[in-house]
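The chains referred to below are lettered A, B, ... by the order of the sequence lines, with proteins before strands, and numbering in each begins at 1.
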2 protein chains.
Amino acid sequence: MSTTRAPLGRPRLFDEEAVLERLTSLFWRQGYGATSMSDIVDASGVHKPSLYRTFGTKEQLFATVLRRYLAQRIAMFAALIAEAGPGTRGVHRFLRLFEADAVSAHGRDGCLLVMASNELRGRLPEYDFAADYREQMRGQIRVLVDRVPTGEEVDPALAAARTDLLTTYLLGLQVVMRSGAGVDEIHDRLQAMHVTVDSW
Amino acid sequence: MSTTRAPLGRPRLFDEEAVLERLTSLFWRQGYGATSMSDIVDASGVHKPSLYRTFGTKEQLFATVLRRYLAQRIAMFAALIAEAGPGTRGVHRFLRLFEADAVSAHGRDGCLLVMASNELRGRLPEYDFAADYREQMRGQIRVLVDRVPTGEEVDPALAAARTDLLTTYLLGLQVVMRSGAGVDEIHDRLQAMHVTVDSW
DNA sequence: CGCTTAAGATACCGTTCGGTACTGAAAGCA
DNA sequence: TGCTTTCAGTACCGAACGGTATCTTAAGCG
């Protein structure tokens, strides 16, 4: 029977979640290596010793940001896919939902994990963020693909191919987004996938 | 009439091209931010003042490495496409050639430019490496796609869609390669594109 | 040979980096 | 009211950073 007790000592003056949210944006803009602790202090409004006490070293802090980001991202994908519905119509809807999110101010940040796995390769060995993200993303897309043949038999190999195609394509699209492409180019590239889905 | 004259002063003891080649590999492994001048000195075997005299600042040196890399990469694409030949058979051949190169020791490095454009965003404004790379790559792929309909009429919109699909897909594949995927996963993902091309 | 030019090599510059003592301040508890 | 615990804030650490002044060495040219 442990009732929720107020923690001992002086209470924290900052909100951890809000700080992580700001730092996610910061790391996304600048990358890990180009972001100094001074930048982190300025962006968070929290003094350095408090950051170290709460989140550990800069690398551990970044790992926390990444884990949080990964979870949010996968959840977002799941929500889009759930909303999209079955059939090739569902895939089209999903692509449009994806585009709407990508074009939004909050979007266009798909490459944080890829960027991170490049920069931190081998330095955070206990958790391969990139592989985990790839696997989970493919799992989500597989759900979408498995709902394409409404009522018909499904060829497992074909479903796997479609899943890989769509997953890899969206990864490439995130690179395009990240590398400074405009809204129109993103729209055009998504159109290419719409055309392909029409032949499914 | 300027005959090639030996330059005045003490001749250079290192080969510029060889240095750039080594540094390309170094930057690819570590990224720009994570690579210090000490690393560059160690990898190149050239002392720091000589590097600065020859290539300028670290950023300018990196820009030189990137430009060289970009040119080589586009040339490689052109060679693969030229060798692939016409028709959907040509696309299949191109994908196999791409895979062979990607799996080789020399390959698996497709993301240097993407990585760079992330890290140096806004710092080298006179040359948008990423946009240039995207454009040139799409131009190359377009050549491949335009040779698909052997003797038939070609729908420009469809050709554009196929070009965008293939280009974006290959970009995504480079991300997958970069983020630590094995040879088998690359092969499987390429299989997805083979299946799609079969319906062209 | 001397003069000029440019490269090799050492040592060093000021700044910024990630990380941490240390001193006060604010909470719960007795 | 003290005691304990935890956080805020200032100041600081050694190390590494990107970049350079300076001296020595090696080439061409007369």
Sequence neighbours left out, what passes side chain to side chain contact (heavy atoms under 4.5 Å, CB included) with B/Arg10? Give chain and number order.
B/Leu13
Applying salt bridge (Lys or Arg N to Asp or Glu O under 4.0 Å), name anything that partners B/Arg138, two or more places apart in sequence or on another chain.
A/Glu185, B/Asp164
Clusters formed by hydrophobic residues whose side-chain heavy atoms approach within less than 4.5 Å: which one holds A/Val195, and what are its other members?
B/Leu158
Please produce a list of atom pairs where a protein N or O lies less than 3.5 Å from an N or O of nucleotides 15-17 of chain C.
{"from": "C/dC17", "atom 1": "OP1", "to": "A/Ser36", "atom 2": "OG", "distance (Å)": "3.3"}

Which class fits the ring pair A/Phe55 and A/Phe14: parallel under 30°, tilted 30 to 60°, perpendicular over 60°?
tilted
Take the protein atom CD of B/Gln60 and the nucleotide atom P of D/dG18, then report the distance between them rounded to whole Å.
14 Å
Can you check the A/Leu51 CG to C/dG18 P distance for me, whole Å?
12 Å
By the salt bridge (charged side-chain N to carboxylate O under 4.0 Å, His left out) test, which pairs, at least two apart or in different chains, include something from residues 80-89 of chain B?
none
Pair listing, side-chain hydrogen bond (donor to acceptor under 3.5 Å, both in side chains) test, anchored in residues 41-55 of chain A, at least two apart:
none
Euclidean distance, atom CZ of residue B/Phe55 to atom P of C/dG8 [Å, nearest integer]:
11 Å
Tell me, please, which residues at least two apart from A/Ser25 pass side chain to side chain contact (heavy atoms under 4.5 Å, CB included).
A/Arg29
Considering only nitrogen or oxygen atoms on both sides, find all protein atoms under 3.5 Å from nucleotides 5-10 of chain D and state each distance.
{"from": "D/dT6", "atom 1": "O2", "to": "A/Arg10", "atom 2": "N", "distance (Å)": "3.2"}
{"from": "D/dC7", "atom 1": "OP1", "to": "A/Arg12", "atom 2": "NH2", "distance (Å)": "2.8"}
{"from": "D/dC7", "atom 1": "O4'", "to": "A/Arg10", "atom 2": "O", "distance (Å)": "3.4"}
{"from": "D/dA8", "atom 1": "OP1", "to": "A/Leu13", "atom 2": "N", "distance (Å)": "3.0"}
{"from": "D/dA8", "atom 1": "OP2", "to": "A/Ser50", "atom 2": "OG", "distance (Å)": "2.6"}
{"from": "D/dA8", "atom 1": "N7", "to": "A/Arg53", "atom 2": "NH2", "distance (Å)": "3.2"}
{"from": "D/dG9", "atom 1": "OP2", "to": "A/His47", "atom 2": "ND1", "distance (Å)": "2.5"}

Using side-chain hydrogen bond (donor to acceptor under 3.5 Å, both in side chains) as the criterion, list what pairs up with B/Thr167, not counting sequence neighbours.
none
